[in-house]
Amino acid sequence: FWQLGESHYWGHNAIIRVAPFMQHCALGRLPGRGSLSGEILSHDFVEAALMRRAGWAVWIAYDLPGSYEEMPPTLLDELKRDRRWCQGNLMNFRLFFTHGLHPAHRAVFMTGVMAYLSAPLWFLFLVLSTALLAVHTLAVPQYFTQPYQLFPTWPQWHPEWAVSLFGATATLLFLPKLLALLLLLAQGSRMYGGPLRLILSTLLETLFSALLAPIRMLFHTQFVTTALIGWALQWKSPPREDAETSWREAILRHGAGSVLGIAWAGLVYWLNPAFLGWLLPVVGALIIAIPLSVWSSRVKLGRWFRARRCFLIPEEANPPRELRWTRAALRRHPTFE
C-alpha cells in the first residue's frame, strides 16, 4: 500500500518481466576491499530499484496464490540467515546515493540498514543506561557546580519523556498486530482456528516475540560489528525440513549471552534492586535463551499446538492443491522427501 509501484520483491518468489530485468539488472561488484564490497548479497532489492529507475513499476502481488517458502525450522537457523541479510543490507546502503533512484527505494535501503543497526543502538542505549545508574548510585551528588553558587542545582527528572518514548514504541510494535487481529475477527477467523484460538495465538506470539527480541538484539549486534570490521561471511542456505536444536548447540551459541544476562542482572540488583524490574524483560530473556531456543525448535511442540488449532493459517486449515499434490507425491515416493 505504501510503496505502490516502487516496491521491492523477494528473490525467487518473484515473477519478473524478463526484458526489463535482463536489460537493467546486470549487477557489478561493489568496489573496495572488506566484507562490504564484492558481490551484492541482497540483490533483489537492488534489482527492483534499478528497474524502477529505468521507468518500470515494481509491485508486490500480495494476492498471488501458489507460491510458498518455508521458514528456517529453528531460531539458530533463522539467525544464520539473518547474518547474510544483515551484511547484504549494509552493503546496499552504499548504493543509497546512486543517481536516479526513486526516493521510495532509497527508503527501502535505509530501513533495511536500520532493521539491523537498531540492534547495536538499542544495546548501546541499555549499556549507557546501566552506566548512568552506576554513576548516580556510586558517585557523590554535586549540587554546587559553580564557584560562589547561591542556590543548589537539583537533579531533574523527566518521566513524561519516558512515557512518551514507551508509548510510541508500544504503538509501533503492537498496533499492527491489533489491527490484523481485528481485521481477521471481522472477516472471519475460522481458517485461523476460530476467534478464541486466534486471540490466544496472538497473545502467545506477542509474548514469544518479546522474549526473542533481546536474543536477536545480541546476535544482530554481533552481525553488524563483524560486518563492519571485515570478517568474511560463508553463506549456506538454511535447512527447511523439520530440525531441532540440540542442547549442546544451544549452549555453544547462547551460553555467552546467558552469562552476560546473569552478570548484568546481578550488577543492576547490586546497584539498585528497584531498577531490576525495568531491565528484567531484557536480561531475563538472555538468561533463558538456551532452553527457549531448544524448546521452540521441538517438532512435537509445534504439532501439539497445531492439533489444538493454535497458530493455524489457512494453508493448514484448508491446504491448497499445490500442497495436497506435493504431499500425495511424497506418500507415493517417500525417498524424495
Side-chain angles (χ1 to χ4, degrees), residues 1-11 13-14 44-45 48 57-72 75 78 81-82 85 89 102-119 121-122 125 160-217 220 278 281-282 285 292 296 302 305-306 308-320:
F1 174 82
W2 292 111
Q3 294 169 321
L4 300 178
E6 289 78 39
S7 184
H8 55 277
Y9 71 88
W10 293 296
N13 283 345
D44 38 12
F45 285 21
V58 182
W59 291 75
I60 288 183
Y62 65 89
D63 57 347
L64 186 68
S67 179
Y68 303 96
E69 178 184 2
E70 288 187 307
M71 291 287 291
L75 173 62
E78 185 183 1
R81 183 186 66 177
D82 265 357
W85 284 1
N89 279 279
H102 193 278
H105 281 120
R106 298 188 196 275
V108 168
F109 290 162
M110 176 62 74
T111 54
V113 171
M114 290 308 301
Y116 294 96
L117 192 59
S118 58
L121 292 177
W122 182 21
F125 174 82
E160 66 278 5
W161 294 0
V163 172
S164 299
L165 177 61
F166 177 81
T169 304
T171 300
L172 290 173
L173 290 176
F174 298 118
L175 184 59
K177 295 178 184 290
L178 178 60
L179 293 177
L181 174 62
L182 294 176
L183 180 63
L184 291 178
L185 292 175
Q187 292 181 343
S189 56
R190 185 176 62 87
M191 292 296 183
Y192 295 88
L196 293 181
R197 288 180 175 83
L198 176 60
I199 294 173
L200 176 61
S201 299
T202 303
L203 294 175
L204 291 175
E205 188 276 335
T206 301
L207 174 62
F208 188 61
S209 296
L211 291 174
L212 290 184
I215 302 174
R216 296 183 191 277
M217 173 195 69
H220 288 179
W278 293 97
V282 174
L292 185 65
S296 65
F305 276 113
R306 179 174 174 175
R308 285 149 183 82
R309 299 181 65 80
C310 291
F311 305 111
L312 201 66
I313 61 174
E315 284 77 8
E316 293 173 316
N318 184 24

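For reference, positions follow the sequence shown, starting with 1. All values derive from a computational prediction rather than experimental measurement.
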(message) How long is the straight-line distance from CG of Leu198 back to CE of Met191, given to the nearest 0.5 Å?
(response) 13.5 Å
(request) Can you measure from CG (Leu292) to CD1 (Ile215) and round to the nearest 0.5 angstrom? (result) 5.0 Å
(request) May I have all residue pairs that pass salt bridge (Lys or Arg N to Asp or Glu O under 4.0 Å) and include part of residues 160-172, sequence neighbours excluded? (result) none
(request) Not counting sequence neighbours, list each pair that qualifies as a side-chain hydrogen bond (donor to acceptor under 3.5 Å, both in side chains) and has a residue in residues 183-204. (result) none
(request) Can you see which heavy atom on Asp82 is nearest to which on Arg216, and at what distance? (result) OD2-NH1, 4.0 Å
(message) Could you measure the distance from the CG atom of Leu211 to the OG1 atom of Thr206? Nearest 0.5 Å is fine.
(response) 11.0 Å
(message) Between Met114 and Leu121, is there a side-chain heavy-atom distance shorter than 4.5 Å?
(response) yes
(request) Work out which heavy atom in Ala104 is nearest to a heavy atom in Glu6; give both atom names and the distance. (result) CB-CB, 3.5 Å
(request) Quick one: closest heavy-atom pair of Ala57 and Trp59, and the distance? (result) CB-NE1, 3.5 Å
(message) If we ignore hydrogens and angles and just use 3.5 Å, is the side chain of Asn318 paired with the main-chain N or O of Pro314 as donor and acceptor?
(response) no
List the atom pairs, donor and acceptor, that lie under 3.5 Å between side-chain atoms in residues 166-180 and the rest of the protein, sequence neighbours left out.
{"from": "Thr169", "atom 1": "OG1", "to": "Leu165", "atom 2": "O", "distance (Å)": "2.9"}
{"from": "Thr171", "atom 1": "OG1", "to": "Gly167", "atom 2": "O", "distance (Å)": "2.8"}
{"from": "Lys177", "atom 1": "NZ", "to": "Glu205", "atom 2": "OE1", "distance (Å)": "2.7"}
{"from": "Lys177", "atom 1": "NZ", "to": "Glu205", "atom 2": "OE2", "distance (Å)": "3.1"}

(message) Going by side chain to side chain donor-acceptor pair (under 3.5 Å), name the residues that satisfy it together with His105, two or more places apart in sequence or in a different chain.
(response) none
(request) Please say which of Tyr116, Trp122, Trp85 ends up in a ring pair (Phe, Tyr, Trp, His ring centres under 6.0 Å) with His220. (result) Tyr116
(message) For a quick test of reading the model, state the closest non-hydrogen atom pair linking Val108 to Thr111 and the distance between them.
(response) O-OG1, 3.0 Å
(message) Please find the pair of heavy atoms, one from Arg306 and one from Leu312, that lie closest to each other, and give the distance.
(response) CG-CD1, 4.4 Å
(message) If the condition is salt bridge (Lys or Arg N to Asp or Glu O under 4.0 Å), which residues does Glu315 pass it with, not counting sequence neighbours?
(response) none
(message) Once side chain to side chain contact (heavy atoms under 4.5 Å, CB included) is applied, do any residues pair with Ile199, and if so which ones, sequence neighbours excluded?
(response) Leu181, Leu185, Leu203
(request) Classify the angle between the aromatic ring planes of Phe311 and Phe305 as parallel (below 30°), tilted (30 to 60°) or perpendicular (above 60°). (result) perpendicular
(request) For residues Arg81 and Pro72, report the shortest heavy-atom separation together with the two atoms involved. (result) NH1-CD, 3.4 Å
